[in-house]
Amino acid sequence: MSDPDKHSDTTGEADNAREEVAQTEPARAPLPDVEGLAHTMSPVDLPEPDQPLPNPLAWTFTVIATAGIFLALFNSGSIRSWSYELKPSPVSEHVVSASEGWFNVTSSAGLEVPVDAMRGWWKGVQNARFPGQDPTPQTETGPEAEAPEPVQ
Amino acid sequence: MLFPTLTFGWFFLAVFLATWSLQRSNEWRKILLLAASWVFYGAWDWRFVALLILSGILNWGAARLILASGDNERARKAWLILGIVLNLLILGFFKYYGFFMEQVSATLHAIGWERDLYIMEVILPVGVSFFTFQGMSYVIDVFRRQTAPASLLDMTLLMSFFPHLVAGPIVRASHLIPQFKEAPRITRGMAAMGVLLIVWGLFKKSVVASELAINFVDPVFFDPSAHSPTDLTFAAYGYAVQIYCDFSAYSDMAIGLAALLGYRFPHNFNQPYRARSLQDFWRRWHISLSSWLRDYLYISLGGSRHGLTRLCLALGTTMLLGGLWHGASWNFVIWGALHGGVLAIERLWREFKPKTWPALPAFLGIIITFHIVLLGWIFFRSHTFADAMAFLGGLGGSAESALLTPLMLGLIVFGMALHALPPRAIQNVAIKVRAMPGVLVGLGIGVLILIIDSMRPEGVAPFIYYQF
């Protein structure tokens with residue numbers, strides 16, 4: 001830490017800078033949030049709850065673990081696709097084999113059905129056209145669109 | 001390693017478990033975070049990890065030398081200038097060397113010196129603009145005695161911390177170093193906001209921004225002359241939505257990831273397209289950069305202390321340099337000049353508007369401001385000035401659209417409608433979520449990620465701001 005006296009010696013300079021900011025930006029943006037949440041230091045600053053909420057870390061672990069297990073069960077296809085993108089190596093061979101095995105287990109139990117149904121519905125939304133519109137427009141995409149990194 | 005990938009998911013899970021298991025030693029926790037951040041950065045190119053470390057040491061060293069100079073203002077200023085110059089040299093070399101040499105070569109050709117110059121191919125390190133600006137702000141803040149000096153570990157972690165390393169927010173030392181000094185704590189509110197911001201960012205990036213980019217905006221901007229005025233018009237609106245959803249998604253995810261590790265990052269976006277003036281826009285868009293430019297550039301250029309002419313010059317110069325910060329291209333210069341020019345006009349209008357004249361209605365201010373921003377985005381997105389002019393030349397009139405599908409129109413409307421939501425919508429959801437059982441919240445998050453994953457296109461394009 002620096003000597004606090006040195007800080008006090010130059011608080012005037014800091015104050016000048018702050019004053020300058022205030023002069024430059026004389027009026028704050030008319031934010032519609034009158035209760036002050038948008039003025040907090042961070043978006044993750046929430047008002048304190050009326051009752052203290054216990055075990056925050058355990059709660060966070062539970063949320064992440066539950067979401068992870070849910071996705072491992074219902075979206076094993078994505079894990080398999082991800083494993084195919086790994087650089088070939090003895091380790092990645094094991095990963096591919098394990099992810100394929102897991103995919104076979106979950107799909108044989110019908111757990112891939114919801115995500116497949118969702119993908120089918122979304123495909124329909126993507127393919128929808130306005131009346132009279134060419135059903136398959138040509139899209140010459142250019143370098144940006146060709147660039148996506150093929151990872152899952 | 002991109003946020004919306006499973007590779008990053010595994011990485012973050014490992015970091016999350018490891019850091020919270022080191023709660024007893026904050027120093028070891030920070031060392032682990034630093035090592036993880038270097039692994040994250042090294043996933044692009046290991047060579048540039050050395051640059052990141054060097055940059056951290058350089059800024060830490062410059063700040064130490066400023067402190068060691070005590071009350072010798074001359075020496076303090078000399079170390080400050082040296083620190084800034086070294087930072088600018090790093091930034092300038094990687095970002096502007098190629099552009100500069102091309103301009104020199106073109107000039108020499110124009111005056112008849114026909115020899116080809118050897119122009120070295122320089123790879124742009126991801127996020128160099130962000131971590132350089134972050135380092136510079138630390139040195140300047142120490143000089144101004146606005147922040148306490150940081151240890152080498154804290155300083156290198158400030159610059160390398162992986163959630164904000166490659167595309168911001170530009171987190172000031174005064175905001176993050178005090179957090180590093182204490183063992184982080186997490187609340188259920190922070191965690192709820194963290195997971196919600198991550199899922200929300202995932203949706204904006206993977207579904208809205210990617211879908212618009214791949215199937216509409218990129219094809220139109222690639223060859224504007226091949227598309228109808230309707231497609232061009234909607235592609236401009238589409239890009240406005242795409243860049244907002246892309247960039248704000250990165251910020252949301254960065255803020256959310258940091259929150260899950262126990263750190264609080266500042267706001268970076270606040271519904272920018274509902275701004276009533278360009279000044280208001282810059283208080284809502286990339287807030288960490290605009291406040292950086294204001295505090296370290298605009299004020300240093302004189303700000304409002306030396307009259308209206310100097311103020312307008314400072315505004316113009318700040319925005320021009322803000323444009324060049326994005327890269328060495330005339331289109332970025334035009335983008336910056338447009339913003340600087342309109343900011344100056346707004347300022348003059350405020351000064352000289354007759355008091356009897358009524359104020360502009362809010363909705364009109366929003367529409368005008370948005371369309372000025374939209375004009376800027378056309379230059380920002382186009383590869384060359386000629387492309388931008390071809391795009392603008394093709395606007396107007398009406399013709400059938402080949403690419404504008406109901407989905408594209410829906411996404412554009414959705415992206416704009418986000419700006420009409422209550423500003424604290426996510427916080428209000430988080431307040432409810434934090435009181436729910438963890439298993440229920442986890443299931444809800446799992447369902448949402450499953451839906452997003454089934455909607456997103458194959459593969460993940462890098463975030464737009466990775467190139468800056």
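Labels below follow one simple rule: chain letters A, B, ... track the order of the sequence lines, proteins then strands, and each chain is numbered from 1. What's counted below: heavy atoms across the whole structure, side chains too, no hydrogens, waters or symmetry copies. These numbers were taken from a predicted model, which means no experiment stands behind them.
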Quiz item: In terms of heavy-atom proximity below 4.5 Å to chain A, should L311(B) be classed as side chain, backbone, both, or neither?
Solution: neither

Quiz item: At a heavy-atom separation under 4.5 Å, does L196(B) approach chain A through its side chain, its backbone, both, or neither?
Solution: neither

Exercise. Examine whether an atom of P169(B) lies under 4.5 Å from a heavy atom of chain A, and if so say whether it belongs to the side chain, the backbone or both; otherwise answer neither.
Key: neither

Exercise. Below 4.5 Å from any heavy atom of chain B, which atoms of I79(A) appear? Answer side chain, backbone, both or neither.
Key: both

Quiz item: So, S290(B) side chain and W282(B) main chain: donor-acceptor pair closer than 3.5 Å or not?
Solution: yes

Quiz prompt | Residue V439(B) versus chain A: region with a heavy atom under 4.5 Å | solution = both

Practice problem: Please flag which part of L448(B) lies under 4.5 Å from any non-hydrogen atom of chain A: side chain, backbone, both or neither. | Solution: neither

Quiz item: W10(B) versus chain A, heavy atoms under 4.5 Å apart: side chain, backbone, both or neither?
Solution: side chain

Quiz prompt | chain A contact via V447(B) - which portion, at a heavy-atom distance below 4.5 Å | solution = both

Please tabulate, one pair per line, all N/O donor-acceptor pairs under 3.5 Å involving side-chain atoms of residues 49-58 of chain A, not counting sequence neighbours.
none

Quiz item: Heavy-atom distance under 4.5 Å to chain A: side chain of A258(B), backbone, both or neither?
Solution: neither

Quiz prompt | Per-residue contact mode, L409(B) against chain A (heavy atom under 4.5 angstrom) | solution = side chain

Report all side-chain donor-acceptor pairs from residues 95-106 of chain A shorter than 3.5 Å, counting only partners two or more places apart or in another chain.
{"from": "S99(A)", "atom 1": "OG", "to": "S83(A)", "atom 2": "OG", "distance (Å)": "2.8"}
{"from": "S99(A)", "atom 1": "OG", "to": "V95(A)", "atom 2": "O", "distance (Å)": "3.2"}
{"from": "S99(A)", "atom 1": "OG", "to": "V96(A)", "atom 2": "O", "distance (Å)": "3.0"}
{"from": "E100(A)", "atom 1": "OE2", "to": "Y84(A)", "atom 2": "OH", "distance (Å)": "2.6"}
{"from": "W102(A)", "atom 1": "NE1", "to": "A72(A)", "atom 2": "O", "distance (Å)": "2.7"}
{"from": "N104(A)", "atom 1": "ND2", "to": "E100(A)", "atom 2": "O", "distance (Å)": "3.2"}
{"from": "T106(A)", "atom 1": "OG1", "to": "S76(A)", "atom 2": "OG", "distance (Å)": "2.5"}
{"from": "T106(A)", "atom 1": "OG1", "to": "W102(A)", "atom 2": "O", "distance (Å)": "3.3"}
{"from": "T106(A)", "atom 1": "OG1", "to": "F103(A)", "atom 2": "O", "distance (Å)": "3.1"}

Quiz prompt | L403(B) and M408(B): CA distance, side-chain angles, deciding distance, side-chain contact (heavy atoms from CB on, under 4.5 Å) verdict | solution = CA-CA 8 Å; L403(B) 292 181; M408(B) 295 305 128; over 6 Å; no

Quiz item: Does E73(B) come within less than 4.0 Å of R145(B), counting only side-chain N to carboxylate O?
Solution: yes

Exercise. Using the six-membered ring wherever Trp is involved, compare the ring planes of F12(B) and F8(B) and label them parallel, tilted or perpendicular (cut-offs 30° and 60°).
Key: parallel

Quiz prompt | Pi-cation contact, F269(B) with R284(B) (under 6.0 Å, within 45°) | solution = no

Quiz item: Side chain, backbone, both or neither: which part of V433(B) has an atom under 4.5 Å from a heavy atom of chain A?
Solution: both

